[in-house]
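Every heavy atom of this structure was used, including side-chain atoms; hydrogens, water molecules and symmetry mates were not. No experiment lies behind these values; they were computed from the predicted model shown.
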Amino acid sequence: FERTDQLVSLDEALKNLESLDERKCRVVELRFFGGLTNEEMAEVLNVSSETVKRDWRFARNWLLRELAGDA
């Protein structure tokens with residue numbers, strides 16, 4: 001059940017991130033579920049790879065804080 005709870009928490013956190021910033025949520029999805037590189041994500045999202053890097057740093061830190069709040 002712990003794994004299920006973790007997945008539910010992650011899903012809720014991603015939905016919250018999406019409501020905050022849809023592109024940052026897409027970066028997380030493309031990286032983890034799509035396995036895309038920064039350059040590939042930049043092409044898909046029509047932004048620079050530097051923007052993808054910034055979005056990833058923000059999203060990663062935001063998700064870590066969000067998920068730590070569930071502990």
Side-chain angles (χ1 to χ4, degrees):
F1 290 111
E2 183 178 330
R3 180 107 169 124
T4 301
D5 290 343
Q6 290 173 339
L7 290 174
V8 169
S9 293
L10 177 60
D11 185 57
E12 289 173 5
L14 285 171
K15 287 178 184 173
N16 290 339
L17 179 59
E18 184 177 31
S19 70
L20 178 70
D21 190 315
E22 187 177 340
R23 190 181 69 217
K24 287 176 177 62
C25 182
R26 287 280 291 148
V27 166
V28 173
E29 293 171 344
L30 291 171
R31 184 178 187 115
F32 279 106
F33 304 117
L36 273 65
T37 66
N38 287 345
E39 292 75 21
E40 291 167 334
M41 287 185 282
E43 188 174 325
V44 168
L45 298 171
N46 199 30
V47 296
S48 71
S49 60
E50 285 303 313
T51 297
V52 168
K53 289 177 190 176
R54 281 191 303 275
D55 284 353
W56 167 245
R57 279 192 303 270
F58 177 92
R60 180 188 61 213
N61 291 329
W62 189 91
L63 285 169
L64 287 171
R65 284 192 308 271
E66 187 82 359
L67 293 172
D70 285 349

Task: Sequence neighbours excluded - side chain to side chain donor-acceptor pair (under 3.5 Å) pairs with any residue from residues 32-43 - done: T37-E40
TODO: State plainly whether one hydrophobic cluster holds both V52 and V44, where clusters connect Ile, Leu, Val, Met, Phe, Trp and Tyr through side-chain heavy atoms under 4.5 angstrom apart.
DONE: yes
Open item on the list: How close do A42 and S49 get, counting heavy atoms only, and between which atoms?
Closed with: CB-N, 3.7 Å
Task: Pairs touching residues 22-42 that satisfy ring-ring contact (aromatic ring centres under 6.0 Å, His included), sequence neighbours left out - done: F32-W56
Open item on the list: So, using side chain to side chain donor-acceptor pair (under 3.5 Å) as the criterion, who are the partners of D11 when residues are at least two apart?
Closed with: K15
Open item on the list: Count I, L, V, M, F, W, Y as connected when their side-chain heavy atoms are under 4.5 Å apart, and connections chain through other members. Are L67 and L14 then in the same cluster?
Closed with: yes
Kindly list each side-chain donor-acceptor pair under 3.5 angstrom involving residues 22-30, sequence neighbours excluded, with atom names and distances?
from, atom 1, to, atom 2, distance (Å)
R23, NE, D55, OD2, 2.5
R23, NH2, D55, OD1, 3.2
R23, NH2, D55, OD2, 3.1
K24, NZ, D21, OD2, 2.9
K24, NZ, D55, OD1, 3.3

Open item on the list: Return the CG to CD distance between L17 and E66, rounded to the nearest 0.5 Å.
Closed with: 8.5 Å
- [ ] Could you pull out all residues at least two apart from R54 that satisfy side chain to side chain donor-acceptor pair (under 3.5 Å)?
- [x] T51
Task: Residue pairs involving residues 11-30 (criterion ring-ring contact (aromatic ring centres under 6.0 Å, His included); sequence neighbours excluded) - done: none
Task: Minimum heavy-atom distance between L20 and W62, given as atom pair plus value - done: CD2-NE1, 3.7 Å
Task: Closest non-hydrogen atom pair, R31 against M41 - done: N-SD, 3.9 Å
Task: All salt bridge (Lys or Arg N to Asp or Glu O under 4.0 Å) counterparts of R57, not counting sequence neighbours - done: none
